Enquirer: 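I have a structure I would like to understand better, so I am pasting it below and will then ask my questions one at a time.
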Amino acid sequence: MQPVYMDHGATTPVHPEVVKAMVETMEKSFGNPSSVHAFGREARKLLDEARASVASLMGASPEQIIFTSGGTEADNMAIFGAARGMRLKGKGNHIITSAVEHHAVLDACKALEKEGFEVTILPVDEDGQVHVEELEKALRDDTVLVTIMHANNEVGTIQPIQELARLAKARGAVFHTDAVQSFGKIPVDVNELGVDLLSASAHKIYGPKGVGCLYIAKGVKLTPLSYGGSQERRRRPGTENLPGIVGFGKAALISQAEMQAEAERLTRYRDRLIDGLMELPHVKLNGHRTNRLPQNVNLSFHFIEGESLLLMLDMKGIAASSGSACTSGSLDPSHVLLAMGLSHEIAHGSLRLTLGRGNSEEDVDYILNTIPEIVERLRALSPLYEGKEAVTSCTQRR
Amino acid sequence: MQPVYMDHGATTPVHPEVVKAMVETMEKSFGNPSSVHAFGREARKLLDEARASVASLMGASPEQIIFTSGGTEADNMAIFGAARGMRLKGKGNHIITSAVEHHAVLDACKALEKEGFEVTILPVDEDGQVHVEELEKALRDDTVLVTIMHANNEVGTIQPIQELARLAKARGAVFHTDAVQSFGKIPVDVNELGVDLLSASAHKIYGPKGVGCLYIAKGVKLTPLSYGGSQERRRRPGTENLPGIVGFGKAALISQAEMQAEAERLTRYRDRLIDGLMELPHVKLNGHRTNRLPQNVNLSFHFIEGESLLLMLDMKGIAASSGSACTSGSLDPSHVLLAMGLSHEIAHGSLRLTLGRGNSEEDVDYILNTIPEIVERLRALSPLYEGKEAVTSCTQRR
Amino acid sequence: MYTEKVMEHFANPRNVGEIEEASGVGEVGNASCGDIMRISIQVEDNIIKDIKFKTFGCGAAIATSSVCTELVKGKSIDEALELTNQAVADALGGLPPAKMHCSNLAAEALHEAIADYKAKQGKE
Ligand SMILES: Cc1ncc(COP(=O)(O)O)c(C=O)c1O
Ligand SMILES: Cc1ncc(COP(=O)(O)O)c(C=O)c1O
Ligand code: FES
Ligand code: FES
């Protein structure tokens, strides 16, 4: 049994070319980019090149890119940095975010509440979409920061960032977007989007884990998250993760070349999966049907619990994920699915398949063949499932 | 001309076995350790193994090790985390550190001053050593944190951590030590040292850049530096840098096996370099003559500026570093050398050679043969040097 | 970091030394980084016949000193006075931004040497 990896939203395999670039860097250019000598200068050159590659994939200039240890650090740096910085300037202490953000954003905002900030959390509709009018209502004169993700990691819904950013900036707020899931998958252009701050992460685009970046528009001031050496224009101290950064640069170059064709291919697979699995009874699609990431499929199978589903799939060699509480360490099911109006029960039975470079048409066939029997088996186990006939409502039982 | 790398204090070449382990991880175990499926479980296993290896090299248990993006993040996490955490508990707001700390420590303490903490900076003697009596005098009832490095990165002087930690803890303060330069080079045992918090970094011990760790003794509470997923026992969010962490684990294993023999070998080279170069006129050793890291040589060549010296050495294929302002991006020369009582001028002319695994007896010979002529050439250029006879005082001119 | 031109002057600095019985000597210290430069000139018929320097400073400081002496040797005092630190940096193909201040040393030392020469002239 050849395993089928369909959890590219969690992390991606590292591209062989990326591994090669990283190995070369470690073997030949191990110097510290801050050093004066030849080893240092060689390292500095690679650092500059990688910065240019990453910048190019988002239409930024190299000096606007600050490398971080990942998407989480980029989000925290943006949110703490902008909020604290704006407050120091006396601009206010109100922050706006959405109910479907990644925990790196939501929990950073919550921590700011303890520092005296006020946080408004915008609701989403049943497709997981933030409405521009909601932001309009929430904006205040003392709003210093609006942070809304580009594409959702669980359900793939894409937000209208361009309009949201325009609105926020017109009211004097800094606009940040978490583009960890969209960067390298769909076009992301900082100027078109009109954002001040944008987070990305290498390991979601076939680069290495432990590297990310924050785009910082000209003129945007951030209070640093940590202190030390003068690396990254004094915005982010610590010896640069050079092999990781080189890997990120390489991954960005490859994405740039392949993105369009890959998005089309994965959209086809995605739609086959959605259409095929929706033929089963009592299945609900989560997220917007079309305005979603090419690689994202998210379905709720009623009467089934997510972790059991994952384990069964795993036994068949299929790697997927779920918004189930049982898989997340927390006991509440996905805050994203709940915010979209799903009941706890339905949210518990969600399955996320995220496609990627290694997936083939055969993988899609295999999944379409495998899931029905697993769903049937688990439903047979479920006290909630009284036979297909008996079921009435499956969305509001609680 | 075979280049001679003697800047292991800045960063080290990655050990080939470490590269191999990282490549294997990227190729075979790319999963996200938080995932339920087989790919995730495999990644989790590697993460646990690496944690055990790193813990073992410092006599800690695995669950006391939190992986970070490097030494800088570990220092910041320890200092902000302990200081803010202790203040929240009403323990006070006084911090003690030393004048020769790395900027990651000093600047974090300075940032805490802006949050209302009071910081006492302990002086050092002319060898760069902190005296226990100084700490005794500085400790107060409201001292919440003492942070003093194990071994200095510039001059290699080793601090009496055991006594300092005992004293601080007896007065109810949390004790942190930055062991970035000593870990893997000389014995570092958290229990023997008696510290609460200890920082280390992989790229100083032939591991990859962008990975480090913080040891956190049982019962020590830290306010987190950033927020997000529930990785690293909720102390440090973000997808774990698995290949980097595996590399760190491998590097720790290798260090553990080779440390003693390597320390003896490098001590021999170090002493040959010190004794040989001290035969030149107007040279001063910086740091303690014997109570110093095996790999560290730091000398001041009077009448010479450090960057010029580095560039000349670079042209001869020798990679070294300096405490010169001209190399540091800041305009002041090394705060460490100034704290040890050196004048600006002498501090400017310092040269640091840091030995490591790749260095041989021949490298030492080459350096001993090369430096005298370079020093002579630069002195001939120097307006401060009026011929060996004419010189009177070379330590206090300014 | 540095251009080839900078490194070339650094590796082979021109006009190193001191002129005995110089017409004028200028010594300046760089307040920002603590580096020092001394330039001595020999002037005949208002022309800088000879010029020498000594510098305690970084690679940029040494290279700018060297190129500065080369730029003004054989020039008139008035031409020499027009030399700016930007011209010195340009002659080296540019300097890293953090190193622009180093080029002040050379121009200032030269101007001081000329001032010293003029002061001496005035006394005679
Ligand atoms: C939307 C989103 N934001 C942030 C992150 C965090 O990124 P990282 O794992 O690189 O810290 C992730 C992925 O886990 C994500 O999907
Ligand atoms: C003593 C000391 N502390 C902290 C650091 C920072 O470590 P890193 O470069 O891994 O952030 C270094 C090295 O640069 C160091 O020498
Ligand atoms: S029943 Fe086990 S965690 Fe949900
Ligand atoms: S003269 Fe000191 S930095 Fe150049």
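Proteins get letters first, then strands, A, B, ... in listed order; numbering begins at 1 in each. None of the values given here were measured: they were computed from a predicted structure.
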Enquirer: Against chain B, work out which of A:A104, A:G40, A:P208, A:A43 has the most heavy-atom pairs shorter than 4.5 Å and name it.
Expert: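 The answer is A:A104.
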
Enquirer: What part of B:M22 is in contact with chain A, defined as an atom under 4.5 angstrom from a non-hydrogen atom: side chain, backbone, both or neither?
Expert: side chain

Enquirer: Highest number of heavy-atom pairs under 4.5 Å with chain A: which of B:G244, B:G71, B:G31?
Expert: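 Top option by heavy-atom pairs under 4.5 Å: B:G31.
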
Enquirer: Sort out for me which of A:S34, A:P224, A:A38 touches chain B most, counting heavy-atom pairs under 4.5 Å.
Expert: A:A38

Enquirer: If you count heavy-atom pairs within less than 4.5 Å of chain A, which of B:G70, B:P237, B:S322 leads?
Expert: B:P237

Enquirer: Indicate the atoms forming the closest heavy-atom contact of B:G229 with A:H103, along with that distance.
Expert: N-CB, 4.3 Å

Enquirer: Is chain A contacted by the side chain of B:A320, its backbone, both, or neither, given a heavy-atom distance below 4.5 Å?
Expert: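 The backbone, not the side chain.
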
Enquirer: Enter the distance from A:M315:CE to B:H37:NE2 here, rounded to the nearest 0.5 Å.
Expert: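 A:M315 CE to B:H37 NE2: 15.0 Å, rounded to 0.5 Å.
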
Enquirer: Does either side chain, that of B:R236 or that of A:S69, offer a donor lying less than 3.5 Å from an acceptor on the other one?
Expert: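 A donor-acceptor contact under 3.5 Å links the two side chains.
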
Enquirer: So which residue, B:E27, B:E307, B:R41, ends up with the most heavy-atom pairs under 4.5 Å with chain A?
Expert: B:R41

Enquirer: Restricting to non-hydrogen atoms, name the atom on A:Y227 and the atom on B:A108 that form the minimum distance, rounded to 0.1 Å.
Expert: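 For A:Y227 versus B:A108, the nearest heavy atoms are CB-N, 3.8 Å.
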
Enquirer: Counting only non-hydrogen atoms closer than 4.5 Å, does B:D107 touch chain A with its backbone (N, CA, C, O), its side chain (CB onward), both, or neither?
Expert: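 It is both, since atoms from each part get that close.
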
Enquirer: Count the heavy-atom pairs under 4.5 Å between each of B:L225, B:L311, B:L242, B:T11 and chain A, then report the option with the highest count.
Expert: B:T11

Enquirer: Checking A:N76 side chain against B:S226 main chain: does a donor-acceptor pair fall under 3.5 Å?
Expert: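 Not at all, since once roles are kept as given, no pair shorter than 3.5 Å links the two residues.
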
Enquirer: Under 4.5 Å from any heavy atom of chain A, what part of B:L313 do you find: side chain, backbone, both or neither?
Expert: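 Neither part.
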
Enquirer: For B:L310, is it the side chain, the backbone, both, or neither that has a heavy atom closer than 4.5 Å to a heavy atom of chain A?
Expert: side chain

Enquirer: Using a 3.5 Å distance criterion without hydrogens, assess whether the side chain of B:K209 forms a donor-acceptor pair with backbone atoms of A:F30.
Expert: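 Looks like yes, one N/O pair under 3.5 Å.
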
Enquirer: Only pairs of heavy atoms separated by less than 4.5 Å count here; which of A:S29, A:P243, A:A111 has the most with chain B?
Expert: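 If we count pairs closer than 4.5 Å to chain B, A:A111 comes out on top.
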
Enquirer: What's the verdict on side-chain contact (heavy atoms from CB on, under 4.5 Å) for B:N241 and A:V211, showing C-alpha distance, side-chain angles and the deciding distance?
Expert: CA-CA 8 Å; B:N241 175 357; A:V211 198; over 6 Å; no

Enquirer: Could you walk me through whether A:V23 and B:V19 pass side-chain contact (heavy atoms from CB on, under 4.5 Å), step by step?
Expert: CA-CA 7 Å; A:V23 168; B:V19 176; 4.1 Å; yes

Enquirer: Ignoring hydrogens and geometry, is there a side-chain-to-backbone donor-acceptor pair from A:N32 to B:A10 under 3.5 Å?
Expert: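 Confirmed, A:N32 side chain pairs with B:A10 backbone.
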
Enquirer: Please report the shortest heavy-atom distance between A:F39 and B:A319, naming the atom on each side.
Expert: CD1-CB, 3.5 Å

Enquirer: Is it the side chain or the backbone of B:S35 that comes within 4.5 Å of chain A heavy atoms, both, or neither?
Expert: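 The side chain, not the backbone.
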
Enquirer: Got more than 12 heavy atoms from elsewhere within 6.0 Å of NZ, A:K114?
Expert: no

Enquirer: Can you tell me which portion of B:S201 sits under 4.5 Å from chain A's heavy atoms? Options are side chain, backbone, both or neither.
Expert: neither

